[in-house]
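No hydrogens, no waters, no symmetry mates; every other heavy atom, side chains included, goes into these values. The sequence lines fix the lettering, A, B, ..., with proteins before strands; numbering per chain opens at 1.
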Amino acid sequence: MADQRRLDQFSANSRKLEAEKASSNNDPKPRKKGRESLQRAVVDPEQLPPSYLVSASYDGSKGVASIKLYEPESKRIYIWRDKTGHKPYLLTNLSPFELDKLNGVKTHPSLENFEQIEKFDLLRDKTVTLTKVVAKDPLAIGGRPRGCLREIIPEEHGDITDSSQPQAEVWEAAIKYYQCYIYDRGLVPGMLYSVDNGELNSVVVKTAESAVERIKALFDDASAEEREYIERWARLLEYPAPSFRRVAFDIEVISPVATRVPDPREALYPVVCASFVSTDGDDEVLLLRRRGVRNGAEKLPPSVKVRYFDAEEELLKAVFSFLRAYAFVITFNGDDFDLRYLARRAERLGIPRSGIPIEVGRRVSLLKNSVHIDLYKFFYNRSIQIYAFSNRYRDVTLDDLGKALVDLPKIGLDKPISDLNYSELAHYCLRDAEIAFKLTAFDQDLTMKLILVLARISKMPMEDVSRQGVSRWIRNFLQFEHRRQNMLIPNSSDILALKGKTATTATIKGKKYKGAIVVEPVPGVHFNVAVMDFPSLYPSIIKVWNLGYQTIRCPHEECKRDAIPNTPHWVCHKQKAMESLLIGSLRDLRVKWYKAAAKNPKLQVGVRNWYNAIQSALKVILNASYGVFGAESFDLYCPPVAEATAAIGRHSIKLIVNKAKELGIEVLYGDTDSVFLKNPSEEQIKELAEWSEKELRMGLDVDKIYRYAVFSTRKKNYLGVLEDGSVDVKGLTGKKKHIPRFIKDAFDEMKGRLAKVRSAAEFETAKRDIKTTVLDRYMKLKRRRWDKLSDLAFHVVLGERLEHYKKTTPQHVRAARMLKKKGVELKAGDLISFVKTIKDPHVKPLEMVTDSEVDVDKYIAYLQSTFDQVLDALGLEFEEIIGLTKLERFM
DNA sequence: GCGGACTGCTTACCT
DNA sequence: ACAGGTAAGCAGTCCGCG
């Protein structure tokens, strides 16, 4: 780019100067004059030093794209609006001449012009000429239920032509305007941009050059094309994150009905408290004075400022000044509650719109001049939960997240909000803000860094990337790449029509195609077990086999010879699939650089930490990168790609198992991408890995070595003890979160005992201790001795709304319905705690049960089935342990 | 009318 | 709105049983 500027052109001095000039009369130093001096973000600066592009949107009032930039010196948000005249558009196969015949198009009030353009069509493997229909307003393209161009064009064209004429088709008409703007200008959210004389320019960063060179050196033997992709990703990932100036906040609202959460669409009741915890350290609690509320004795920490308000309106204004002062605002469920409520409440109290910095949408609530991150949405993301945080939190509640990630639980309440005195209310509310803040601050701002990395990879605003799922992230970086290379972004229906559906039969009824295989385990205790696996198997397959919607079942006759094992599909050998290059390069970067670098003690802590954020983000994306092709909701849905990936996976692991056997290694177990090898020699491991590299073109690593592993006959169920004494438990009931504490505690005791076993001989005493554990639990149940009923409760998630369960009534639903009768509100996702009882429905909610009702025999049966999964491998029998002879059991 | 074999539903897990 | 495979428990159904 000709207009690129270098970071080092800005001296420290000029940077300050520019910031001050841009902020006109405001003092850029936040601490001196306080927040009020920073009230509004600067709009349309003429000059701006290098700043992080954090967000993009459409400014309806000006009719242009609007960009939020975070300037890391002043730590403020600047808003830059497009001056290039970029306009929304769609593409169509109709010529301008044909379009002119369509009245609804020609007379469309928002139509700007037609322009003929060329694009490369990956599906048909040829260049196509299309018409770009440009409009003044994004809503004219799509987004309106009626009267938008993407609907008018096919409809009206169909009306005036017969079926022998080619159908009218439109492309790229459902892309959000600001994403379109990002793609067309090649902008990378999360990276540095400056504003010079009112123009937005990308800043070339030299800081990370040495790291980029080191990474490139790792890929000496890759093709030029692959190296190009690696380098592009590396440049974008290596540049470090800024410090994020931010505030977390929470509000409390009183409600006449204690069990009912006030409706934010109504906002009928007063906001009585708001708490703020920020990077500036000026933590503050705002309280509304009310009649009859007393001061409490407890004091807040001296660093926390408390302000009382007589008028709610003044309190709201104080809240808004906080929201305006910070570049990033953190909430937990702020989209649906806090911000929504505040906006509606402020409106109700007559605060003018210009005084409310919130933009309430249908599903989100954003801030006009800052970036709102709703942590509930982010942590709710299953991929984030599982792959970035390794399932460390279970429920997406502030309490569980706080406990699991930052060691800070919510404050428990034994009375409604309205009955709290000022001190209790302040403590309670402040704690919530504190947890939310810490969720973004732990591990050196890991959460913020994750969002930033994901924004860079996906080319999405930080607001969107933190709210949307992994399929959107993947879609967007693929769309970006299409635009970068002037390739037509296909319609989902075209991919499906040309590439078709799947051909294999799934094992599970209702699934679309066959998936992975699981090797039958060899039951028993095995010492010295090496687990070898293909790192990122599916992304590797996508890379090595050149998979993508373009290349699978390509139109070339010659390619049909390149068959994919166990499928009727073939893959192209003339063109490189974009998915293969993009996903493959991300995979290689993680496996060959970031994974190890995140743990490299030679690197500075800060760098290591940044690398850890990168490798986590990559893990999340890579883990989903195959599944999306099999998901109908994905815009590049291509069933044969997903099916081929899984088929090659089966093929690969089968070959590895056979080769291992051929090398004389006993294979104890395997699942999808792994093989468990019994006591293999160094030499055998080396040979297997080399064979895989040579024959399958995929690495096979030793993932871990178990001192010993315990298998039953069940797949996806085992226990392995590592050299350091830590224990992996997979799939066993004892690990599942729904089982009662009473059983789980016993299981954990057994686990702890097994961790200490170092040799076959040591098993004997361990077995004795385990027998004692089991017998003790059994006797306690038989004698009906448990500490508290909650220890006997099962905890099962209500997957659907209560009305959904029509075919059957599972126990947790039965319990839930009993609760509902008592007036408890329940929704999908709630956790139901219930106890098994003797009398008829055989279940009661924990809250409604008494000791005498407990069905002890059911619990004994559950204890047995939980332990059986391990005991039979150890040569023990539950019934023998509890003292039943074989004869007694028979009778 | 009751029990066993079976299927289907639901949840939680594994990769 | 990433995928498929496995385990487990329970609800509900069918069928045999003089």
Side-chain angles (χ1 to χ4, degrees), chain A residues 380-384 386-387 391 394 468-475 502 504-521 531 533-539 542 583 620-639 641-647 649-650 653 669-676 703 712-718 728-739 794-800 804-814 816 828-829 831-832 834 836 841-843 858 861-862 864-866 868-869:
Chain A
Y380 185 81
N381 184 317
R382 286 288 289 169
S383 298
I384 291 291
I386 297 169
Y387 300 116
N391 256 326
R394 208 31 69 172
Q468 298 180 358
V470 61
S471 69
R472 293 291 178 84
W473 309 341
I474 294 172
R475 176 193 75 180
T502 53
T504 55
T505 318
T507 307
I508 306 172
K509 204 189 278 183
K511 299 288 186 185
K512 294 184 284 262
Y513 59 91
K514 198 180 288 300
I517 45 173
V518 186
V519 180
E520 203 71 51
V531 183
D533 73 350
F534 297 106
S536 297
L537 174 67
Y538 289 153
I542 291 171
I583 293 165
V620 173
I621 288 183
L622 291 169
N623 269 309
S625 64
Y626 132 82
V628 291
F629 292 106
E632 248 176 286
S633 56
F634 184 56
D635 281 21
L636 299 170
Y637 174 53
C638 188
V641 168
E643 182 175 42
T645 311
R650 292 194 299 278
I653 193 177
Y669 178 63
D671 186 348
T672 312
D673 61 354
S674 66
V675 279
F676 289 57
D703 178 33
S712 70
T713 57
R714 301 160 188 83
K715 295 171 173 179
K716 299 188 188 278
N717 269 258
Y718 63 88
D728 277 349
V729 176
K730 301 290 179 179
L732 303 180
T733 304
K735 136 176 234 190
K736 297 195 178 181
K737 289 302 188 255
H738 74 279
I739 70 161
F794 288 82
H795 312 278
V796 177
V797 171
L798 198 59
E800 309 281 348
H804 171 93
Y805 300 89
K806 294 201 179 85
K807 292 159 188 156
T808 58
T809 309
Q811 292 195 322
H812 67 295
V813 175
R814 189 148 285 161
L831 194 67
I832 310 296
F834 63 89
K836 297 191 186 245
H842 302 295
V843 61
K858 275 276 179 240
Y862 219 96
Q864 169 162 11
S865 68
T866 303
D868 271 352
Q869 293 173 346

Per the side chain to side chain contact (heavy atoms under 4.5 Å, CB included) rule, which among A:N381, A:V470, A:V620 passes with A:Y387?
A:V620
What is the distance, rounded to the nearest whole Å, between atom [atom1] of [X] and atom [atom2] of [N]?
X: A:D728; N: B:dC13; atom1: CG; atom2: C1'; value: 14 Å
X: A:K715; N: C:dA7; atom1: NZ; atom2: P; value: 6 Å
X: A:I386; N: C:dA3; atom1: CD1; atom2: P; value: 12 Å
X: A:D671; N: C:dG4; atom1: CG; atom2: C1'; value: 11 Å
X: A:D673; N: C:dA3; atom1: CG; atom2: P; value: 19 Å
X: A:R475; N: C:dA1; atom1: CZ; atom2: C1'; value: 12 Å
X: A:H795; N: B:dC13; atom1: NE2; atom2: C1'; value: 17 Å
X: A:K509; N: B:dC6; atom1: NZ; atom2: C1'; value: 12 Å

[N] OP1/OP2 closer than 4.0 Å to side-chain N/O of [X]:
X: A:Y805; N: B:dT11; result: yes
X: A:K836; N: C:dG9; result: no
X: A:R394; N: B:dC13; result: yes
X: A:K511; N: C:dG4; result: yes
X: A:H812; N: B:dT11; result: yes
X: A:Q869; N: C:dA8; result: yes
X: A:S865; N: C:dG9; result: yes
X: A:T672; N: B:dT15; result: no
X: A:T507; N: C:dG5; result: yes

What class does the angle between the rings of A:F794 and A:F834 fall in, given that below 30° is parallel, 30 to 60° is tilted and above 60° is perpendicular?
parallel
The residue, A:H738 or A:S674, whose nearest nucleotide of DNA chain B is more 5′ is A:H738
If you assign each of A:Y626 and A:R714 to its closest nucleotide in DNA chain C, which residue comes earlier from the 5' end?
A:Y626
Ranking A:V628 and A:I517 by the position along DNA chain C of their nearest nucleotide, the one closer to 5' is A:V628
For the backbone of A:I621 and the side chain of A:N623, can you confirm whether one donor and one acceptor N or O come within less than 3.5 Å of each other?
no
Name the closest nucleotide to the A:H804 side chain, picking from B:dT10, C:dG5, C:dA11.
B:dT10
Which is true for [X] with a 4.0 Å heavy-atom rule: it touches a base, it touches only sugar-phosphate, or it touches nothing?
X: A:Y718; result: sugar-phosphate
X: A:D533; result: nothing
X: A:Y538; result: nothing
X: A:V519; result: nothing

Are A:F629 and A:Y637 an aromatic pair by the rule of ring centers under 6.0 Å?
no
Expected rows: protein N/O vs nucleotides 12-14 of chain C N/O, under 3.5 Å:
none

Measure the shortest side-chain to side-chain distance between A:R472 and A:F634 over non-hydrogen atoms and say whether it is less than 4.5 angstrom.
no
Would you tell me whether A:S712 and A:Q869 have side-chain atoms, one donor and one acceptor, within less than 3.5 Å of each other?
no
Smallest separation among heavy atoms of A:G731 and A:N717, with atom names
O-OD1, 3.4 Å
Under-4.0 Å salt bridge between A:K716 and A:D671:
yes
